[in-house]
Structure formats: C-alpha cells, structure tokens
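One structure is given here, and the rest of the page talks about it.
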Amino acid sequence: MTSHPTFPTPADAPIGVFDSGVGGLSVLRHIRALLPQEHLIYFADSGYAPYGGRTEAYVVERALAIAAYLTGKGVKALVVACNTATVAAIKAVRAHYPELPVVGVEPGLKPGAAASRNGKVGVLATVRTLQGEKLLQLRDQIAAATGAQFLLQPCPGLVDLIEQGELDSAAIDALLAGFVAPLVEQGADTLVLGCTHYPFVQDAIARAVIAAGGRDVKLIDTGDAVARQLARLLEGAGLQRPGSAGHPPTLHGYTTASADALASAFRTLLQLDVAVETLKI
Ligand code: DGL
C-alpha cells in the first residue's frame, strides 16, 4: 500500500509538473515567476520521449503512470506541461483524479487568431498533437468564431534535437527552414508554438522566418497563460501557499533517463541548480 506524504497544511503540498522531457521547463519558468512561494516537482519522461510520433494509447499510458507517481508524492495540483500529452491524455488523467486540479497546455490557437492581422496562423506542433481530436475540434471552433485559417505544420525531429541540447546550431536551422518556410510562403503572419519544447528555439524560429522572407511575424507561447490558469485554480480551491509560509520553496527534478542531463538542462535553460533523481516507472 502506498503511504501518502503529509504536509503541515494542504496548501504546503507541492505542485507536480510533467512533460515528455525538458520542454515543460518553458512552462515551469512562468509558474516560478508567478507563484514563487510554491513547492514544485518537475518530472521529465525523457526515457520515453519524444511522445510526438507515438500512438495516443502510449501517451495515455505514460501520462497515467506519471500522474500516479506524482499523486503518490502528495501533489496538490498537476500541470501537464506538454501539448501532446494534454491533447492525448488529459481527459484520462482528469477521469482518474476527479478531485485534483489538473491544468493542461493546448496550442494557443485562440491567442494566435487574436494576434493575427491577416487571419493566417501557422501552428507548429508534434504529429500526435496535430492529429488529436481535441486539437481538430479547437481549430474548427476558433476558425468558425474568428474566420482565421490555421496552417498545421508537424515538426518531426525537432523535440529530439532540443532534448540533445541543440538550441542554436546549423542542424536546428536546417530542420526549421523546412517547417517555417512553407508557412511564411502561404502568408502566415503569426506562428503558434504548439509544443512546450519550442520556446527554447524561439530565436532559431525567428531566424527561419526572416530567411524565408517573413516580416513582422508574431510567435505565440502559452506558458504564461498556463501559469495564470494554475494560479486561478489554486486560489479557487484555497490551495495557494502563502508568501509568508515558513520554509523556502523547494524544487525537485525526476527523470526516466539521465539525472545529469536533466540537471544540466535546468542549468542551461533556467539557470538553476536542481537536485535530480532518475526513476524507473
Ligand atoms: N513538449 C511536448 C509537447 O508540448 C513534446 C512532445 C514530444 O515529446 O514529442 O508537445
């Protein structure tokens, strides 16, 4: 039988944040900025990444295994900091944990349509995200409401390079050129970063836009909106940890691959020294 850790008050329990790998760190940085007093656990499923080319059943199984681990750690809320896992598995996670506040990340189609001047919005995401029923429904709904046209662009291979720490290299530029140029050529003036790994190659994406002849193309990242939604849910449930709470906030990292690799990603991407453990789940 699993014994759940106890905390001085429910608000003192940590928030669990997970992704297939290091991408969710782009969401974690917004959560830390908005809710600096919260205890956080970050789980990178790098041993099973990328999720983007896998079946829906595979992603659901991984998401449920991670949710079981994190709820066993007593988390008071869960952030699915991965578009692919949100589109494929958030329904299953919510069904298993109906009492737990669960926040997901969906590609920012709505802010993309609002930001676009000509109504042409490119969406960069994984194959699995772009094939998900949830995403296609969202696209149809927002297209009907705003008249925006969404150009869906899968980006196979991009997560793999980012997981390897290649953020600014000739290989990234070459791969991105093939994804970004067709969108610019079709007139997209706004590009939605529909995968939490992509904000880490935002500069390379901006370079690819310019190389393709694009001007004034906006990039949309939803990490900040996710942090605000989390804050609203915690506040509504009376679970925000007060700023004056005694112990300083903690941040622990877990990964299903190399602990050194995740610790190094924390340093490179967020300039943080974090204790990381490897797990097999
Ligand atoms: N960060 C994940 C997302 O937002 C990457 C998915 C993958 O592992 O392919 O979709």
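Just so you know, ligand 1 is whichever comes first in the structure, and atom 1 is the first atom listed for that ligand. Just so you know, residue 1 is the first one in the sequence shown, and it goes up from there.
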### Message
For R241, is there an ion pair with D12 - N to carboxylate O distance below 4.0 angstrom?
### Response
yes
### Query
Should D168 and R207 count as an ion pair when the cut-off is N to O under 4.0 Å?
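Between R207 and D168 there is a salt bridge, with a charged N closer than 4.0 Å to a carboxylate O.
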### Query
Is there a side-chain contact between P50 and D160, using heavy atoms and a 4.5 Å cut-off?
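Contact flag for P50/D160 side chains = yes.
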### Query
Any non-hydrogen atom of G21 lying under 4.0 Å from ligand 1?
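No.
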Proximal atoms of ligand 1 relative to [X] (non-hydrogen, under 4.0 Å):
X   : value
S20 : 5 (C), 6 (C), 7 (C), 8 (O)
D19 : 1 (N), 2 (C)
G52 : 7 (C), 8 (O), 9 (O)

### Message
Tell me if the aromatic rings of Y254 and Y69 count as close, with their centers under 6.0 Å from one another.
### Response
yes
### Message
Given L193, T196, I162, V22, identify the one with the heavy atom nearest to atom 1 (N) of ligand 1.
### Response
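Checking each option, the heavy atom nearest atom 1 (N) of ligand 1 is found in T196.
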Is any N or O atom of [X], backbone or side chain, closer than 3.5 Å to an N or O atom of ligand 1?
X    : answer
G23  : no
T126 : no
T129 : no

### Task
For N118 and S116, test the side chains for any donor-to-acceptor distance below 3.5 angstrom and give the result as yes or no.
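Distance-only check passes for N118 and S116.
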### Query
Should the pair Y58 and Y48 be assigned to parallel (<30°), tilted (30 to 60°) or perpendicular (>60°) ring geometry?
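Ring orientation, 0 to 90° scale: tilted.
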### Residue, atom name and distance, where the atom is the protein heavy atom closest to atom 7 (C) of ligand 1
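Scanning the protein heavy atoms, the shortest distance from atom 7 (C) of ligand 1 goes to Y51 N, 3.2 Å.
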### For atom 10 (O) of ligand 1, closest protein heavy-atom neighbour
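I find the closest protein heavy atom is T84 OG1, 2.6 Å.
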### Task
Please check if atom NZ in K91 has more than 12 non-hydrogen atoms from other residues, nucleotides or ligands closer than 6.0 Å.
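No, not enclosed.
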